[in-house]
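To keep things clear, I will list the structure first and then write my remarks on it.
Quick note on labels: first sequence line is chain A, next is B, and so on, each numbered from 1.
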There are 2 protein chains.
Amino acid sequence: MLLSKSCIYGIRAAVYLALNRNGKYVPVREISENLDISFHFLTKICRKLSSGGIIKSIKGAQGGLKFERDPENISIMEIVIAIDGNNRFSECLLGLPDCGILKPCPLHDDWFDAIESIKEKFNDITVNRIAEEVRTGNVRITEINNPDF
Amino acid sequence: MLLSKSCIYGIRAAVYLALNRNGKYVPVREISENLDISFHFLTKICRKLSSGGIIKSIKGAQGGLKFERDPENISIMEIVIAIDGNNRFSECLLGLPDCGILKPCPLHDDWFDAIESIKEKFNDITVNRIAEEVRTGNVRITEINNPDF
DNA sequence: TTTAAATAAGACAAAGTTGTCTTATTTAAA
DNA sequence: TTTAAATAAGACAACTTTGTCTTATTTAAA
């Protein structure tokens, strides 16, 4: 798995949040139920998105989550970094330290190319763009083939 | 991490084995010491390579490991499959089941392209080719910048 | 002001992966 | 035939990730 499960959940939750355009704060409970993700686990993940400056949260009744910035300008990469940290994509495929700097591992160049193309895509694709695709029914973010998400 | 640590160790061990061209059986102990991999952990991994038909092992004095077939014809992919199983490369990036069959996840196409190119490379690159690169000193398979491997 | 709805924080459990150790078995060589 | 060198097998420990639960705190609305 290139991405951790936490990261996957975070991406799906962000897309869900972007689907909700009425300006209200969305409770984690609602997200967890609709996406079938463990509530408490998801709250922890969302705290990372909060401290990463991607979403903001408000406690209490009518509280919940909202984007800190326009999700039009939030890339998938930002979410990955907020949750899995900055070096998910800079690790050597064979786990060798300083692979790029010292003598490289045998798969360095091939892996570098592949990971660069993934990184480019993750930087380009915004949360909003994915939400739009979900809206038009082209893709899904739930495990079951749910007509809504 | 795209590959498990077991898988990484397996690849490195296979390359080490390919470096040893004198026809003798190589003890796991020697591999583990030279590559700085836990001996018992490595024996387990090598058992997977054995049951996967990649190497053969002989017990007792002068025993050890040897390739079952010419490492000229053993691809990295075969090693990955023997250790991490067959669907390491067919998992959905967002963990959705049947992503390719049912309505896909939002990153399906992008991920599919990237993973295809990695798969092609893994299928093309042989254990021997890597061993040759290690011999000529272009790449390394150890954590420290060891002049030998 | 009280209550219900919400996040925050962190302890804890479960599961998976990684790593260690012990015992049994096999084999070549002394 | 005995011994030392090797793998086989699997129990078990440590660590990491994932998931559950409880308590505290905050906030809007009744």
Side-chain angles (χ1 to χ4, degrees), chain A residues 1-13 17 20 23-52 54-68 80 83-85 87-88 91 94-95 143, chain B residues 1-13 17 20 23-52 54-68 80 83-85 87-88 91 94-95 143:
Chain A
M1 289 221 295
L2 186 71
L3 304 177
S4 70
K5 237 171 169 184
S6 298
C7 191
I8 290 172
Y9 291 165
I11 294 172
R12 289 167 56 201
L17 207 56
N20 190 286
K24 279 185 189 160
Y25 283 86
V26 180
V28 179
R29 183 120 256 154
E30 180 190 323
I31 306 178
S32 79
E33 278 169 3
N34 278 304
L35 297 187
D36 203 39
I37 299 170
S38 148
F39 167 68
H40 290 287
F41 192 33
L42 189 55
T43 58
K44 273 196 250 184
I45 295 165
C46 288
R47 264 176 259 151
K48 286 193 182 180
L49 291 178
S50 286
S51 44
I54 290 170
I55 61 175
K56 56 185 166 187
S57 67
I58 291 203
K59 279 180 170 183
Q62 313 301 316
L65 309 177
K66 209 185 206 179
F67 281 104
E68 180 78 55
V80 173
I83 294 169
D84 275 352
N87 40 8
R88 193 88 193 178
E91 287 159 357
L94 293 190
E143 299 209 348
Chain B
M1 289 221 298
L2 186 72
L3 304 177
S4 71
K5 237 169 167 185
S6 298
C7 192
I8 290 173
Y9 291 164
I11 293 172
R12 289 167 56 201
L17 206 56
N20 190 286
K24 278 185 188 160
Y25 283 86
V26 180
V28 179
R29 182 120 257 154
E30 179 190 325
I31 307 177
S32 79
E33 277 168 6
N34 279 302
L35 298 187
D36 201 40
I37 299 171
S38 146
F39 167 69
H40 290 287
F41 192 32
L42 188 56
T43 57
K44 274 196 251 184
I45 295 166
C46 288
R47 265 176 258 151
K48 284 192 183 180
L49 291 178
S50 286
S51 43
I54 290 171
I55 61 176
K56 57 184 165 186
S57 66
I58 291 202
K59 280 181 170 182
Q62 314 301 316
L65 310 177
K66 209 184 207 180
F67 281 105
E68 180 78 56
V80 173
I83 294 169
D84 275 352
N87 39 8
R88 193 88 194 180
E91 287 160 358
L94 293 189
E143 299 209 349

Side-chain atoms of B:Arg47 come closest, of D:dA9, D:dG19, C:dT20, to D:dA9
Rounded to whole Å, CD1 of A:Ile55 lies from C1' of C:dA6 at a distance of 14 Å
Distance test, side-chain N/O of B:Lys56 to OP1/OP2 of D:dT7, below 4.0 Å
no
5′-ward residue of the pair B:His40/A:Ser6 relative to DNA chain D:
B:His40
Side-chain N or O of A:Ser38 closer than 4.0 Å to phosphate OP1/OP2 of D:dT20
yes
Which nucleotide in the set C:dG10, C:dA4, D:dT7 lies at the smallest distance from any side-chain heavy atom of B:Val28?
D:dT7
Sugar-phosphate only, base, or nothing, as touched by A:Ser57 at under 4.0 Å among non-hydrogen atoms:
sugar-phosphate
Using a cut-off of 4.0 Å on non-hydrogen atoms, how would the nucleic acid contact of A:Gly60 be classed: base, sugar-phosphate, or nothing?
base
Donor-acceptor contact present, side-chain B:Asp84 to main-chain B:Val80, <3.5 Å
no
Applying a 3.5 angstrom cut-off to the pairing atoms, does DNA chain C sit in any stems of at least three consecutive Watson-Crick or G-U pairs? List them by first number.
C:1-30 with D:1-30
Check if the side chain of A:Lys44 and the base of C:dG10 share a donor-acceptor pair of N or O atoms closer than 3.5 Å.
no
According to a strict under-4.0 Å criterion, is A:Tyr9 in side-chain N/O contact with OP1 or OP2 of D:dG19?
yes
Is there a side-chain contact between A:Arg88 and A:Ser4, using heavy atoms and a 4.5 Å cut-off?
yes
Between the CD1 atom in B:Ile54 and the CG atom in B:Leu65, the distance rounded to the nearest 0.5 Å is 12.5 Å
Counting only side-chain heavy atoms from C-beta out, which of D:dT20, D:dG10, C:dA5 sits nearest to A:Ala61?
C:dA5
Output yes when at least one side-chain N/O atom of A:Lys59 is less than 4.0 Å from OP1 or OP2 of D:dA28, else no.
no
Between B:Ile58 and B:Met1, who's closer to the 5' end of DNA chain C by nearest nucleotide?
B:Met1
